[in-house]
2 protein chains.
Amino acid sequence: MANHLDSIFSAMADPTRRAVIERLLDGPASVSDLHSSHDMALPSFLKHLNKLESAGLVRSEKTGRSRILHIEAAPMAAAEDWLALQRKLWEGRLDRLQALAEALERPKT
Amino acid sequence: MANHLDSIFSAMADPTRRAVIERLLDGPASVSDLHSSHDMALPSFLKHLNKLESAGLVRSEKTGRSRILHIEAAPMAAAEDWLALQRKLWEGRLDRLQALAEALERPKT
DNA sequence: GAAAAACATAGCCATATGGCTAACAATTGT
DNA sequence: ACAATTGTTAGCCATATGGCTATGTTTTTC
């Protein structure tokens, strides 16, 4: 639930990690499942998974010798919320600018 | 308009840069205006502004001896769109899971 | 119980990032 | 003309990032 936007945005700033996110939206998967579609050594890939997990975007549990990852929706929502808020403010500013423009066009009373 | 999510998310992964974005939503500002509210040497701060600009989140033009920056809304929208799409897929998955659960509860026909 | 499977850890490497100081423009104000 | 303002560039430093190989560890499976 945390709101550390730094690590959330940072985690999403990499195509490998975004691909993992997209894949996990379809349902949980093991490390090797996820790894199979990426041309990269496993330890390198593991670093990406760890970064996703420490950003809270993903959780995992070890069952037997394999680790199953699943997505955690809340942190992405936090990022989306921040962006949506900025857009709202931006649109509000455009509205004010337009109001100002109209006021300037109106003849003096 | 470009869709390079890497640099967009990466640019937003820093609190200094997010603060600049928030400030610029209120209207254009010069480098020193923006810098005044950050306890950081000017060259360090400039690096942040450059990163924002090369991610396309901000544009600037030099007028006289000062540079005026203004925000560029489109790239943030691209990031928001990606997040919104993921959320949509996630919610779609939840719907399918619920449908499945209901199907399992229903007695056999 | 030995081998295979599925991670995990250690450690190396090159480049990127985020901070700094010092020195260099280029405008503008006196 | 000179000084002050406002950026800009160069270069240093420490740490982070993203890749690798080699080696461990823990379950399965045969």
Side-chain angles (χ1 to χ4, degrees), chain A residues 2 4-24 27-72 75 79, chain B residues 2 4-24 27-72 75 79:
Chain A
H4 35 215
L5 289 174
D6 286 24
S7 53
I8 297 174
F9 279 126
S10 172
M12 294 188 305
D14 180 282
T16 298
R17 292 193 293 263
R18 285 198 305 279
V20 168
I21 289 173
E22 291 171 359
R23 165 73 201 274
L24 285 179
S30 73
V31 170
S32 48
D33 274 353
L34 294 167
H35 176 228
S36 66
S37 50
H38 294 271
D39 187 15
M40 182 184 299
L42 181 58
S44 314
F45 188 68
L46 267 183
K47 282 195 188 176
H48 287 295
L49 298 185
N50 288 336
K51 188 155 192 188
L52 282 171
E53 187 153 15
S54 64
L57 291 168
V58 145
R59 290 205 187 171
S60 73
E61 43 187 63
K62 191 124 190 191
T63 67
R65 66 185 158 178
S66 74
R67 174 174 297 276
I68 304 300
L69 313 219
H70 55 93
I71 206 161
E72 190 69 34
Chain B
H4 36 211
L5 288 176
D6 286 23
S7 54
I8 295 174
F9 279 125
S10 172
M12 295 188 305
D14 180 283
T16 298
R17 292 192 292 262
R18 285 199 305 278
V20 168
I21 289 173
E22 290 171 359
R23 165 75 202 273
L24 285 179
S30 73
V31 169
S32 49
D33 274 354
L34 295 167
H35 176 227
S36 67
S37 50
H38 295 271
D39 188 15
M40 182 185 295
L42 181 57
S44 313
F45 188 69
L46 266 184
K47 283 195 189 178
H48 287 295
L49 298 185
N50 289 336
K51 188 155 190 186
L52 282 171
E53 187 153 15
S54 66
L57 291 168
V58 145
R59 290 204 188 172
S60 73
E61 43 187 63
K62 191 126 191 192
T63 66
R65 66 185 158 180
S66 75
R67 174 175 299 278
I68 305 299
L69 313 219
H70 55 94
I71 206 161
E72 191 69 36

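Within every chain, numbering begins at 1; the chains are lettered A, B, ... in the order of the sequence lines, protein sequences first and strands thereafter.
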Spacing of [X] atom [atom1] and [Y] atom [atom2] [to the nearest 0.5 Å]:
{"X": "B:T63", "Y": "B:R65", "atom1": "OG1", "atom2": "CZ", "answer": "10.5 Å"}
{"X": "A:S60", "Y": "A:E53", "atom1": "OG", "atom2": "CD", "answer": "3.5 Å"}
{"X": "B:L34", "Y": "B:I21", "atom1": "CG", "atom2": "CD1", "answer": "11.5 Å"}

Extract all donor-acceptor atom pairs below 3.5 Å that involve side chains of residues 38-51 of chain A and protein atoms in other chains or at least two apart in sequence.
| unit_1 | atom_1 | unit_2 | atom_2 | d |
| --- | --- | --- | --- | --- |
| A:H48 | ND1 | A:R17 | NH1 | 3.1 |
| A:N50 | ND2 | A:L46 | O | 3.4 |
| A:K51 | NZ | A:S10 | OG | 3.1 |

Under a 4.0 Å heavy-atom cutoff, the residues of residues 42-57 of chain A touching DNA chain D are A:P43, A:S44, A:K47, A:H48, A:K51
Under a 4.0 Å heavy-atom cut-off, which of residues 11-24 of chain A touch DNA chain D?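 Heavy-atom contacts with DNA chain D come from A:D14, A:R17.
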The criterion is side-chain hydrogen bond (donor to acceptor under 3.5 Å, both in side chains); which residues satisfy it with A:S66, sequence neighbours excluded?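 Partners of A:S66 under the side-chain hydrogen bond (donor to acceptor under 3.5 Å, both in side chains) test: none.
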Taking five pairs at each terminus, the helix from C:dG1-D:dC30 to C:dT30-D:dA1 shows an axis bend, to 10°, of 10°
If every non-hydrogen atom of [X] is compared with every non-hydrogen atom of [Y], which pair is closest and at what distance?
{"X": "A:I8", "Y": "A:A79", "answer": "CG2-CB, 4.0 Å"}
{"X": "B:S7", "Y": "B:A55", "answer": "O-CB, 3.6 Å"}
{"X": "B:L24", "Y": "B:I71", "answer": "CB-CB, 4.1 Å"}
{"X": "A:D6", "Y": "B:R18", "answer": "OD1-NH2, 2.7 Å"}
{"X": "A:T16", "Y": "A:D14", "answer": "N-OD1, 2.8 Å"}
{"X": "A:F9", "Y": "B:M12", "answer": "CD1-O, 3.4 Å"}

**Prompt:** Can you pull the contact range of chain B along DNA chain C, 5' to 3', using atoms under 4.0 angstrom from its heavy atoms?
**Reply:**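 The footprint of chain B covers C:dT17 to C:dT28.
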Closest to the 5' end of DNA chain D, once A:S66 and B:K62 are matched to their nearest nucleotides, is B:K62
